[in-house]
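Structure record follows, encoded as structure tokens.
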Protein chains: 2
Amino acid sequence: MRVTIQDIAKAASVTPSTVSRVIAGSPLISAKTSQKVRKVMREMDYHPNIIARSLVRRSTNIIGVLLPGASERVFQHPFFFELLRGITMQAQLCGYSILLSGAGSEEEERNRLHDFANGGVTEGAILMISRTDSTDWESVYPAQFPLAMVGRPADAWKDRINWVDSDNLEAGYRLAGHFLAKGRRHIAFVGLAPNIVVTKDRYEGYRKALGEAGLPFDERLVVDGQFMGGDERVLTEELLRCGVPFDGLIAADDFQALAAMDVLAKQGVRVPQDVSVAGFNNVPLSEYYRPPLTTVDVNACALGEEAVRLLYRQLQEKDRSGPSHTIVPTRLVVRASA
Amino acid sequence: MRVTIQDIAKAASVTPSTVSRVIAGSPLISAKTSQKVRKVMREMDYHPNIIARSLVRRSTNIIGVLLPGASERVFQHPFFFELLRGITMQAQLCGYSILLSGAGSEEEERNRLHDFANGGVTEGAILMISRTDSTDWESVYPAQFPLAMVGRPADAWKDRINWVDSDNLEAGYRLAGHFLAKGRRHIAFVGLAPNIVVTKDRYEGYRKALGEAGLPFDERLVVDGQFMGGDERVLTEELLRCGVPFDGLIAADDFQALAAMDVLAKQGVRVPQDVSVAGFNNVPLSEYYRPPLTTVDVNACALGEEAVRLLYRQLQEKDRSGPSHTIVPTRLVVRASA
DNA sequence: CTGAAAGCGCTTACAG
DNA sequence: CTGAAAGCGCTTACAG
């Protein structure tokens, strides 16, 4: 039913080889033949079958993207959408399509990744997983399947795989520095999730700034909490409950920071007069809140673009150079809250 | 390099036909042969080449998803991510993969859609376009390419294409009814974008409720505005500037409603005491705002799932039944703002 | 510059 | 129950 290269060949009185060459823009073909064939292709509304082409070329120009925890709340963070936007746009520029897979559980993640690596349709994959304890891709990496991770992997893998990340430590350091410059001396940190690298890095940066400023560190001002854990208010409530006074609050994520401002307001604490508050990620609504939230923009879109570039390079070079990584700069966005 | 069905056949001393049948789980194969072949497949870590299979089966089990305006702000609305989540999850359940394409401009949209329809890799596509004036897919539909739209298309196409939508008119009607029940009599509507069906529907519902309540309608209380236009504050500022007093404000989208609350607060107007405010879409932060926002949850995830189901049905039935549509119920979420 | 032939890795009637 | 053969729609050495 679909018109094939054979149909065109017949109609143009040439062979499939010639039609194929015309499509490929081969310089061997005479202008006359080329025009004749093109005309027929247009008239018959011919479109090459990409699947057939992929089979013979052993290349599909498709890369897989794995969305973690499709059924988890994490997934709903605007960060991921921005990231996906960057990936999609850059892939298009590189001539690649995106095959999107979601995974509800870690086991599913493993399975999808396995499909990516073994199905023969994706030539590489981008992973949005950044647990420190993640071993999902270990079983895939040895297979020489090109991979790029968003988020720095555990140290053991840092030099063995492509990855892209924000300089979260520096960002935490700079944000805390901003608090110090505003005269804050008792700065709390909420939302440290020990198994999520990004929150750890941000926390380390905060610690570093406090340390350099010679401030005593009170670990009661640090509240652990999962990224997108559900109700972010509890973190600040827990902080208040410990009774240690504070004049600054840095949250590992904007949602936690916004929830914090809500809790503080209910307690009659004024932001920023009594307590400065800031977060990370510059979520869309952070500028609409009252007061607008000071935050760090990690440029998720650029992270996505860089991940594609890294993967693209590996796909082109065919193992010529080893894996590498890219650090995408962050931007401190100072608003009224701190 | 990759192990093929031939390699397995050789190693198991059978023919490729037999291996293929084992993979397919054909009942013709003897248990003994089946076990032998399976063992070899496992030992050699064999995985079928999906591309080759697709070529002969003339079916890829891939559907395309077109993300509109990848470079526009609209794209950043959490609604789309939720939608995508629903699509991804349901597709997985139906045994389909998602090929994701973004488009910056309308021309690109057309091109991507063309690729979907003619490239031979996607068997159908889901479109997230709901301009009333959109003719993008007209050029595609005649080609009998299975399509499902998210958002009701223009009337001319309502019965000729699969689509899924929320009952936005009913939702607008119900929300306005809620305002009326609270004693509001001068209800403004901001964010009507005449070229976006959803905002029109919501507006119509609002009008209907006012009409049935026998309230005079003052068109100065209706402010046009694009969905995710950039600065949503201007809509409310424009409303205030017209000088007509109002005690209720319904926005076509939560972002506009949140911006409205911000503007009103700065003017010293109290929400909900002086003015009730509500929006649509139940964006993640709407519950964290002060006051928390009353809104309508359109269940974007379910919309995505239904879109896949519609498309799936058409792909299975092979033209046996015509296109159909699904209405996904909305849920009024009453919080403190109205 | 063009054609004939082989092959990419599968599946599926058709025989037996 | 299994095999031999043809074919899905392309591309690409190899000849000429």
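Keep in mind the model is a prediction, meaning the values are calculated, not measured. Each chain gets a letter, A, B and so on, in the order the sequences are listed, and its residues count up from 1.
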Q. Do the charged groups of A:Glu306 and A:Arg309 touch, with an N to O distance under 4.0 Å?
A. yes
Q) Do A:Arg313 and A:Ser324 get their side chains close enough for a donor-acceptor pair, meaning under 3.5 Å? A) yes
Q. Have A:Glu123 and A:Tyr96 got a donor and an acceptor in their side chains that come within less than 3.5 Å?
A. yes
Q. Any Lys/Arg nitrogen of A:Arg85 or A:Glu82 sitting under 4.0 Å from an Asp/Glu carboxylate oxygen of the other?
A. yes
(Q) For D:dG9 and A:Thr4 - does any side-chain N or O of the residue sit under 4.0 Å from the phosphate oxygens OP1/OP2? (A) no
Q: Let me know the distance between CG of A:Asp7 and P of D:dG9, rounded to the nearest Å.
A: 9 Å
Q. Quick one: B:Gln6 CD to C:dC10 P, roughly how many Å, whole number?
A. 9 Å
Q. Over how many whole Å does the gap from A:Ile51 atom CD1 to D:dC8 atom P extend?
A. 16 Å
Q. Taking CG from A:Asn49 and P from D:dG7, how many angstroms apart are they, rounded to a whole number?
A. 18 Å
**Q.** Spacing between A:Gln35 atom CD and C:dC1 atom P, to the nearest angstrom
**A.** 13 Å
**Q.** For atom CG of A:Leu55 and atom C1' of D:dC10, their distance in whole Å
**A.** 8 Å
Q: For nucleotides 11-16 of chain C, just jot down a letter per nucleotide in 5' to 3' order: B, S or -, based on protein non-hydrogen atoms under 4.0 Å.
A: BBBB--
Q.
Strictly below 4.0 Å: does A:Ser54 bring a side-chain N or O up to OP1 or OP2 of D:dC10?
A. no
Q. What's the CE-C1' distance between B:Met41 and C:dC10, to the nearest Å?
A. 14 Å
Q. Between the main-chain N or O of B:Pro323 and the side-chain N or O of B:Asn162, is there a donor-acceptor pair closer than 3.5 Å?
A. no
(Q) Let me check I have this right: for DNA chain D, each base becomes ., (, ), [, ] or |, based on Watson-Crick or G-U pairs with both distances under 3.5 Å. What is the full string? (A) |||.||||||||.|||
Q: Could you tell me whether a side-chain N or O of B:Asn61 sits under 3.5 Å from a main-chain N or O of B:Gly95, the two making a donor and an acceptor?
A: yes
Q. Contact class for A:Leu28 (heavy atom, under 4.0 Å): base, sugar-phosphate, or nothing?
A. base
Q) Would you say the side-chain atoms of A:Thr60 pair up with the backbone N or O of A:Ser54, donor to acceptor, closer than 3.5 Å? A) no
Q | Whole angstrom value for the distance that separates C1' of C:dA6 from CZ of A:Arg58 | A | 13 Å
Q: For residues A:Ile327 and A:Trp163, determine if any side-chain heavy atom of one lies less than 4.5 Å from a side-chain heavy atom of the other.
A: yes
Q | N-O pairing of A:Arg112 and A:Asp115 below 4.0 Å | A | yes
